[in-house]
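Everything on this sheet refers to the single structure shown next.
Just follow the structure's listing: the first ligand is 1, and inside any ligand the first atom is 1.
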Amino acid sequence: MAGKITLTMIKPGAFRKGHTGPILNMIKEAGFRIIAMKLTKLSTKQAEEFYAIHRSKPFYNSLVDFMSSGPIIAAVLEKESAVDDYRQLIGATNPENAEEGTIRKKYAESLEMNAVHGSDSDENANLEADFFFAKSERTDCM
Ligand code: GDP
């Protein structure tokens with residue numbers, strides 16, 4: 001399994017604006033298989049935990065507030081080179097630097113409200129998948 005999954009979230013801003021369908025379609029068209037998915041909402045505590053690595057950053061509190069401000073979609077995506085290929089599909093963290101045709105270029109509202117999350121390593125992909133999903137909620141484990 002290692003190296004073949006990544007974890008994405010459709011963040012509250014993109015969910016609120018109704019971009020879930022088009023984003024999931026881009027994910028499918030790019031060749032990813034959705035092996036787990038849920039509509040949920042992060043509590044403040046969960047958002048703090050998920051972004052704990054950014055605790056010392058000046059934008060941490062604002063990011064936590066934003067990420068717990070409304071519903072999100074969390075999903076585990078499967079594909080060869082899932083982490084790298086998905087980072088390419090979503091584009092740069094700052095949408096101003098994201099390439100044309102990427103999810104963030106199309107749907108991000110700002111650097112913070114940048115539409116989607118994508119894991120940055122295989123190790124984090126597995127940790128983040130476990131953060132959201134029990135094994136019984138993943139088709140690869142059913
Ligand atoms: P990612 O891996 O591309 O999502 O980027 P990071 O791990 O560096 O940052 C996590 C999230 O924090 C980003 O997706 C943005 O939502 C937010 N973020 C990153 N840098 C900044 C910043 O300088 N200001 C603000 N307000 N938010 C930021």
Would you call the rings of Phe131 and Phe50 parallel, tilted or perpendicular if under 30° counts as parallel and over 60° as perpendicular?
perpendicular
Would the His19 and Tyr107 ring centres measure less than 6.0 Å apart?
yes
Qualifying residue, where the test is side-chain contact (heavy atoms from CB on, under 4.5 Å) with Val116 and the options are Ile72, Ile90, Leu89, Thr102
Ile90
Under the side-chain contact (heavy atoms from CB on, under 4.5 Å) criterion, do Leu77 and Ile35 qualify, and how do the steps go?
CA-CA 6 Å; Leu77 311 178; Ile35 62 170; over 6 Å; no
min-distance protein heavy atom vs atom 9 (O) of ligand 1 -> His54 NE2, 3.4 Å
Under 3.5 Å: N/O of His117 near N/O of ligand 1
no
What atoms of ligand 1 come within less than 4.0 Å of a heavy atom belonging to Arg87?
1 (P), 2 (O), 3 (O)
Side chain, backbone, both or neither: Asn114 near ligand 1, heavy atoms under 4.0 Å:
side chain
Can you pull out the closest protein heavy atom to atom 3 (O) of ligand 1? Residue, atom name and distance to 0.1 Å, please.
Thr93 OG1, 2.5 Å
Are the side chain of Asn126 and the backbone of Asp122 linked by a donor-acceptor contact shorter than 3.5 Å?
yes
Under 4.0 Å between heavy atoms, the region of Lys57 that gets near ligand 1 turns out to be neither
Ligand 1-proximal atoms of Met113, by part, heavy-atom distance under 4.0 Å:
neither
Looking at atom 18 (N) of ligand 1, what's its closest protein heavy atom, distance included?
Phe59 CE1, 3.5 Å
Atom 23 (O) of ligand 1: of Val116, Asn124, Leu111, Leu63, the nearest heavy atom sits on Leu111
To the nearest 0.1 Å, how far is atom 26 (N) of ligand 1 from its closest protein heavy atom, and which atom is that?
Glu112 OE1, 3.2 Å
Near Arg104 (heavy-atom distance under 4.0 Å), the atoms of ligand 1 are 1 (P), 3 (O), 4 (O), 14 (O)
Out of curiosity, is Met67 lining ligand 1, as in a heavy atom under 4.0 Å away?
no
Does NZ or CZ of Lys38 come closer than 6.0 Å to the centre of the six-membered ring of Phe133, within 45° of the ring's axis?
yes
Would you confirm whether the ring centroid of Phe32 sits within less than 6.0 angstrom of the ring centroid of Tyr86?
yes
Any salt bridge linking Arg33 with Glu78? Criterion: basic side-chain nitrogen under 4.0 Å from a carboxylate oxygen.
yes
